Trainee: 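Attaching a single structure in structure tokens format; questions to follow.
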Amino acid sequence: MKIKDKEFKSYISHQEIADRVAVLGKDITKKYEGKKPLFIVILNGSFVFAADLLREVNTECDVTFIRLASYSEMQSTGSVKELIGLTENIFNRHVIVVEDIVDTGTTLEHIYDLLQDLGPASIEVATLLYKPEAYKKDIGLKFIGFEIPNKFVLGYGLDYDGVARNLKDVYQLAESE
Ligand code: IMP
């Protein structure tokens with residue numbers, strides 16, 4: 001499938017994602033029963049994953065959305081912008097950061113440090129996708145959907161220069177690219 005100027009191939013189907021997200025939801029439910037966790041969803045890319053994940057979580061919880069961007073077209077820029085939109089008091093709360101993808105980890109580390117300063121009871125990370133070959137940080141990722149190779153992916157919330165977030169499946173840049 002051609003998206004903008006690049007060729008992409010089907011990589012993870014909507015059904016495979018749904019099955020895995022259901023498992024993550026059960027896992028989170030078990031670990032956070034009675035703790036009323038606060039999900040902090042990192043926009044824009046995580047909105048699809050978060051919507052599906054939260055509906056698989058079967059214990060009382062809160063959700064809020066923040067924004068922080070580090071990606072320009074197909075390469076991580078290495079620099080990050082400021083955090084926008086955190087209005088909740090997270091002191092003493094059990095926080096679960098929801099990410100679409102952890103690549104170098106630069107974005108995540110920045111968010112993690114900012115949140116840590118606000119005194120939460122705990123912070124864990126739930127990410128749909130994780131690129132271990134690209135990851136350069138030490139923060140542990142508690143809930144991982146899929147470990148994937150260091151190739152560009154899109155769909156299911158993830159974009160390529162603003163497009164393709166609405167695709168149901170995850171697609172990967174074709175080999176020849
Ligand atoms: P990091 O700071 O390098 O870990 O990059 C994290 C952010 O970059 C993610 O939240 C995505 O928005 C974006 N990103 C990283 N890899 C990809 C990819 O393969 N496709 C689309 N976006 C990506």
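Both ligands and their constituent atoms are indexed starting at 1 by order of listing. Just so we're clear, the structure is a prediction, and the values are computed from it rather than from any experiment.
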Trainee: Just heavy atoms, cut-off under 4.0 Å: does Asp100 contact ligand 1 by side chain, backbone, both, or neither?
Mentor: side chain
Trainee: Among Ile101, Leu129, Thr104, which one has a heavy atom closest to atom 11 (C) of ligand 1?
Mentor: Ile101
Trainee: Quick one: does Phe8's side chain get under 4.5 Å of Tyr160's, heavy atoms only?
Mentor: yes
Trainee: Before accepting this row, confirm whether a basic side-chain N of the pair Asp62/Arg93 lies closer than 4.0 Å to the acidic partner's carboxylate O.
Mentor: yes
Trainee: Below 4.0 angstrom from a heavy atom of Leu158, which ligand 1 atoms are there? Numbered from 1 as shown, please.
Mentor: 21 (C), 22 (N)
Trainee: Under the rule for ring pair (Phe, Tyr, Trp, His ring centres under 6.0 Å), what residues qualify as partners of Phe65, not counting sequence neighbours?
Mentor: none
Trainee: With a cut-off of 4.0 Å, which atoms of ligand 1 are near a heavy atom of Glu99?
Mentor: 10 (O)
Trainee: Between Phe143 and Tyr32, what is the ring plane arrangement, given parallel below 30°, perpendicular above 60°, and tilted in between?
Mentor: tilted
Trainee: Yes or no: does Gly45 have any heavy atom under 4.0 Å from an atom of ligand 1?
Mentor: no
Trainee: Can you list the atoms of ligand 1 that are under 4.0 Å from a heavy atom of Lys131?
Mentor: 16 (N), 17 (C), 18 (C), 19 (O)
Trainee: Any donor-acceptor pair under 3.5 Å linking the side-chain atoms of Asp100 with those of Tyr156?
Mentor: no
Trainee: Distance from Asp113 atom CG to Leu118 atom CG, nearest 0.5 Å?
Mentor: 11.0 Å
Trainee: For atom 6 (C) of ligand 1, which candidate among Val102, Ile111, Thr106, Thr107 holds the nearest heavy atom?
Mentor: Thr107
Trainee: Should you measure from each heavy atom of Asp159, which atoms of ligand 1 turn up under 4.0 Å away?
Mentor: 21 (C)
Trainee: Below 6.0 angstrom between ring centroids: does that apply to Tyr130 and Tyr135?
Mentor: yes
Trainee: Test your reading of the structure: does Leu108 have an N or O sitting under 3.5 Å from an N or O of ligand 1?
Mentor: no
